[in-house]
Number of protein chains: 2
Amino acid sequence: MTTTNKYMNIFHELSNDIEKGIYEPNTLLPSEHELCDRFATSRETIRKALTLLSQNGFIQKMRGKGSLVLGINKMEFPVSGIVSFKELQKSLGRDTHTTVHKLELNETNDWLSSQLECDPGSFVWEIARARTIQGERVILDKDWILQSHVPSLTEEICADSIYAYFENKLGLAISYAKKEFTVEPVTDEDRALLDLDGDSHIVLVKNFVHLEDTMLFQYTESRHRLDKFKFVDFARRK
Amino acid sequence: MTTTNKYMNIFHELSNDIEKGIYEPNTLLPSEHELCDRFATSRETIRKALTLLSQNGFIQKMRGKGSLVLGINKMEFPVSGIVSFKELQKSLGRDTHTTVHKLELNETNDWLSSQLECDPGSFVWEIARARTIQGERVILDKDWILQSHVPSLTEEICADSIYAYFENKLGLAISYAKKEFTVEPVTDEDRALLDLDGDSHIVLVKNFVHLEDTMLFQYTESRHRLDKFKFVDFARRK
DNA sequence: TAGTGGTCTAGACCACGTG
DNA sequence: ACGTGGTCTAGACCACTAG
């Protein structure tokens, strides 16, 4: 994990050290001055790295004392942020499988062009994938992606990780997303593609994904079985 | 909204300008250099304010071009972060009411002392409050608060905002929280205190709230009726 | 008083986008 | 070539915590 950024490298090095237990919870990190020496850099650069650690729940900075290592981020899964299903399951070391039920190139209808804020008649990839975790089909991911950004797409790519394909093969820069969490009644499609046990509702996570140029290029509905849904967030008071 | 911080003041001023439409979506903010002149400050200070705008979804910074104003944050409610019920409803201008069903000072049992990571036998305030929105009781908030931090508490305070009391009257510095979202079967208590229409489940938001000294001082369960639950998040790709 | 983090400055050089 | 944002520096002064 080496980027060209000094402060990002320092952030990754320190966060790895914390996760590996080199710095233990309820102990202090070296002072900013000491870190300046260790990384041969200026204090503002160290502080950028420490700010990232603080925002991600690794440390609590305390004026006059130092940076205290916190005990969260221990094997908890932080779905907060933009993390793909594949990335998340990999980080958890889970036994999973993806079944591609649909991969079509269609013209948008009115509803879809309003969700994607695109011209009516634009072409979009429509994908439906069921996620099997420990033998049960518990998540249905439905994706709509503007073809203008993704010329071609195959079942193999969908069964693996479309994000890895977008970022590594197509060079798309995924930048930010708006997410909405609600609970909705199950549809016939949910019942057909998931193991629902007669549940009446699913958790719906709508995801509006934007590129660096702010273009909205993907709309995703992630439909989770109630008992398998969990979302963990870390927040700081403004 | 004036703090002692230059960059916070600049952040608030610019975010207000964006919300008031002085800077419109899909237009560029003045360049960092121009903002330096306008606010009579250095570029790094301007950049701290712009970083906050970016993290909160107000702008997209684009190298070589400028800072583009985004169109989100328009009347959407951002439950992300630590915001109390009262603060949220006030910002939405909603007609709400709070009914206090329980306010007791009890000794912790095993389950509670593990949730609050405190010594068994510590005393905690136990609060149960139902939230009525537009005539329906749709949220049940259950709070457990260490008495060591909050010596006394009244029904009047609970009916208003306990956060305002903690921060303004007691001078407690609420700093960060870990939140967990799940869906759980309804309990008899849910059925008694909420208008559930025969729902089988509620959305449970667990909230572990810490002070600036990292002390865990409050554990909250917020139980939402399925059809009234909505959570909106803004996330940036790492 | 010494050490810590919080803020701010006035530069510097680089990478990117546009003309 | 020029203006933009991205990174980095080497200081400064302040506020807070501790012994």
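These numbers come from the heavy atoms of this one structure, side chains and all, not from hydrogens, waters or symmetry mates. Predicted model, so just to flag it, every value in this text is computed and none were measured.
- For B:Leu50 and D:dG6, the CG to P distance is 9 Å, given to the nearest whole Å.
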### Query
Please walk me through it: do A:Ser222 and A:His224 pass side-chain contact (heavy atoms from CB on, under 4.5 Å)?
CA-CA 6 Å; A:Ser222 206; A:His224 299 247; 3.3 Å; yes
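- Closest contact between the side chain of B:Thr41 and the listed nucleotides C:dG17, C:dT9, C:dG5 involves C:dT9.
- You'll find that the side chain of A:Glu44 is closest to C:dT9, out of C:dG5, D:dT7, C:dT9.
- Just one residue in the list A:Lys48, A:Arg47, A:Arg38 forms a salt bridge (charged side-chain N to carboxylate O under 4.0 Å, His left out) with A:Glu32, and that residue is A:Arg47.
- The base of D:dG3 does not come close enough to the side chain of B:Arg63 for any donor and acceptor atom to sit less than 3.5 Å apart.
- When rounded to the nearest whole Å, the span between CG of A:Leu52 and C1' of D:dT7 equals 13 Å.
- Within the 4.0 Å cut-off from OP1 or OP2 of D:dC8, not a single side-chain nitrogen or oxygen of A:Lys48 is found.
- An OP1 or OP2 oxygen of D:dC8 is reached within less than 4.0 angstrom by no side-chain nitrogen or oxygen of A:Ser42.
- A side-chain donor from one of A:Ser42 and A:Thr45 sits under 3.5 Å from a side-chain acceptor of the other.
- Checking the phosphate oxygens (OP1, OP2) of D:dG3, no side-chain nitrogen or oxygen of B:Lys65 falls inside 4.0 Å.
- For A:Glu212 and B:Lys61, the salt-bridge test fails: no basic side-chain N is under 4.0 Å from an acidic carboxylate O.
- In this entry D:dG19 has no Watson-Crick or G-U wobble partner, no candidate having both defining distances under 3.5 Å.
- Within the 4.0 Å cut-off from OP1 or OP2 of C:dT7, not a single side-chain nitrogen or oxygen of B:Thr45 is found.
- Atom CZ of B:Phe11 and atom C1' of C:dC8 are 19 Å apart (whole Å).
- Side chains of A:Thr220 and A:Gln218: a donor on one and an acceptor on the other come within 3.5 Å.
- A straight line from CG of A:Asp37 to P of C:dT4 spans 11 Å, rounded to a whole angstrom.
- Using a 4.0 Å cut-off, no side-chain N or O of A:Tyr7 falls inside it from OP1 or OP2 of D:dC8.
- Distance CZ (A:Arg43) to P (D:dC14): 14 Å, rounded to an integer number of Å.
- The CG-C1' distance, from B:Asn9 to C:dT7, rounds to 13 Å in whole Å.
- Rounded to whole Å, the distance from CZ on A:Arg47 to P on C:dT9 is 15 Å.
- At least one side-chain nitrogen or oxygen of A:Lys6 sits closer than 4.0 Å to the OP1 or OP2 atom of D:dT9.
- Here C:dG6 presents its C1' atom at 17 Å from NE2 of A:His33, a figure rounded to the nearest Å.
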